Amino acid sequence: MQLNVLFFAQARERAGVANATLSLPEGSCVRDALDAIAREHPALASLRSHLAVAQDGVLVRAADPLREGAELALLPPVSGG
Amino acid sequence: MQLNVLFFAQARERAGVANATLSLPEGSCVRDALDAIAREHPALASLRSHLAVAQDGVLVRAADPLREGAELALLPPVSGG
Amino acid sequence: MPSLTHGPLDVAAMTDALRREDCGAVLTFLGTTRDHHEGRRVARLAYEAYEPMALRELQALEREAAGRFEIAACVIAHRLGEVPPAEASVVVVVASAHRGPAFDACRWVMDELKRRVPIWKKEHFEGGDAEWVRGTPLPGAPEGE
Amino acid sequence: MPSLTHGPLDVAAMTDALRREDCGAVLTFLGTTRDHHEGRRVARLAYEAYEPMALRELQALEREAAGRFEIAACVIAHRLGEVPPAEASVVVVVASAHRGPAFDACRWVMDELKRRVPIWKKEHFEGGDAEWVRGTPLPGAPEGE
């Protein structure tokens, strides 16, 4: 399955890209995606425990299944206002 | 002693004037002024227990002495804002 | 410095005057004329003040607010005379480094203003009659001792 | 409806849009760029958002505010990109019949906005270095379960 990954703020800067395409085996979950992203972008390691993840704009948890073609956003702690 | 009396809001409307000169014996207090005003303007009677009084812009009490030439303001319950 | 004005209040100018580089929050309260009160349609309001005393009380409120709360500045303006519906009769602007004290101070100023400042409001209803709004007695009404 | 803009926020237009004849209170909160943070001089801020999600979250906040508090309307706007000192990065306007709920709602919206909306702030200090502001983790960070 293919996913479009979006990196924001510190995650974007550490990854060095704002988005990337990710290929995973069918049936992968959010944790699998994070593991794959971490292998690709080791600079994200220290941030990982602080990242929330949204799939198509909705927050998801580590065990949630991924959808084919979904947009997966890596969201550091927020600081709007 | 002479005082300049100012009437505001309901007090002004009931008295029919915005200000008036009041002559009182030397040594009069705020209560004496209110009594004299009440005789002059009986329409103020039902309002009297709700009126505060300021002498030269400072709130005073019934027993406080009056100053020659002072400005005495009759202040109904306030409703600014 | 507080102000009493007989025309529309310039809210934008008041807010802009308090945008300071050392402040992270600017809170602007507008009290506007409602078109209804206790079930009746209000055509307009008219305000009257004992102006010199009202100005002094408003200035005291600005200073007390700056002393009680962690704010950088507080400015109050009140309109007098006739105020049509949806126009502002009172504006309070508070600037502060953090937003909590701005909310606390602005609310406190409005509560105190309604209790302490010699300003009176008359409601003119549709149909033509009018009534002074039941207000709050100032402290120390001589007969209330 | 909330908005995300890449230029200055039009505070006056937002406030005017919420002056309604059935409301007695309009409260406008401006979050502005402070020129200092933890003892350092801030030259400017830069904001970034996950825009479609941020807009949906802001819209949810507007609706929830209208449901939780006795208010007539709530509108939120957030600026993105660079914001110089003393300019507004966020504006929340609340209109209500009575002032108490406007204060409660506006404060609640700002608290929730800082917790729930995917927007990030970077401080650019004088001298040239920059830092992302330590923020609040969104609920459900996968590793935090």
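Predicted, not measured: the structure shown is a model, and the values here were computed from it. In what follows, every chain begins at residue 1, and chains take the letters A, B, ... in the order their sequences are listed.
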query: Within a reach of under 6.0 Å around CD of D:E126, are more than 12 heavy atoms found that belong to other residues, nucleotides or ligands?
result: yes

message: Would you compute the distance between atom OG of A:S79 and atom NZ of D:K114 and round it to the nearest 0.5 angstrom?
response: 8.0 Å

message: At a 4.5 Å cut-off on heavy atoms, which part of D:R115 comes close to chain A: side chain, backbone, both, or neither?
response: backbone

Residue D:A88 versus chain A: region with a heavy atom under 4.5 Å: neither

task: Hey, could you give me the CH2/CG distance between D:W132 and A:L47, rounded to the nearest 0.5 Å?
output: 11.0 Å

task: Determine, step by step, whether A:V78 and D:L138 satisfy the side-chain contact (heavy atoms from CB on, under 4.5 Å) criterion, reporting the C-alpha distance in whole Å, the side-chain angles of both residues, the deciding distance to 0.1 Å, and the verdict.
output: CA-CA 7 Å; A:V78 299; D:L138 288 167; 3.7 Å; yes

query: Is a side-chain N or O of D:Y47 found less than 3.5 angstrom from the main chain of A:G81, in a donor-acceptor match?
result: yes

Which atoms of D:V133 approach chain A - backbone, side chain, both or neither, heavy atom under 4.5 Å: both

- request: Pick one of side chain, backbone, both or neither for A:D56, based on which atoms fall under 4.5 Å of a heavy atom in chain D.
  value: backbone

task: Could you give me the CA-CA distance, side-chain angles and deciding distance for A:L59 and D:M53, then say whether side-chain contact (heavy atoms from CB on, under 4.5 Å) is met?
output: CA-CA 10 Å; A:L59 292 172; D:M53 185 178 169; 3.9 Å; yes

- line: Max heavy-atom pairs within cutoff under 4.5 Å with chain D, candidates A:A73, A:G57, A:A54, goes to A:G57

message: Between D:E48 and A:R12, is the side-chain contact (heavy atoms from CB on, under 4.5 Å) condition met? List the steps.
response: CA-CA 11 Å; D:E48 169 177 338; A:R12 176 177 53 71; 2.5 Å; yes

- prompt: Hey, mind stepping through D:K122 and A:E13 against side-chain contact (heavy atoms from CB on, under 4.5 Å) and telling me if it holds?
  reply: CA-CA 12 Å; D:K122 190 172 192 172; A:E13 288 187 349; 2.3 Å; yes

message: Need one label for D:T136: side chain, backbone, both or neither, based on atoms under 4.5 Å from any heavy atom in chain A.
response: both

- prompt: Can you say whether the rings of A:F8 and D:W120 are parallel (under 30°), tilted (30 to 60°) or perpendicular (over 60°)?
  reply: parallel

query: Given a strict heavy-atom distance threshold of 4.5 Å, which part of A:L75 is in contact with chain D: side chain, backbone, both, or neither?
result: both

query: Can you name the closest pair of heavy atoms from D:P137 and A:P77 and give their distance?
result: N-CB, 3.7 Å

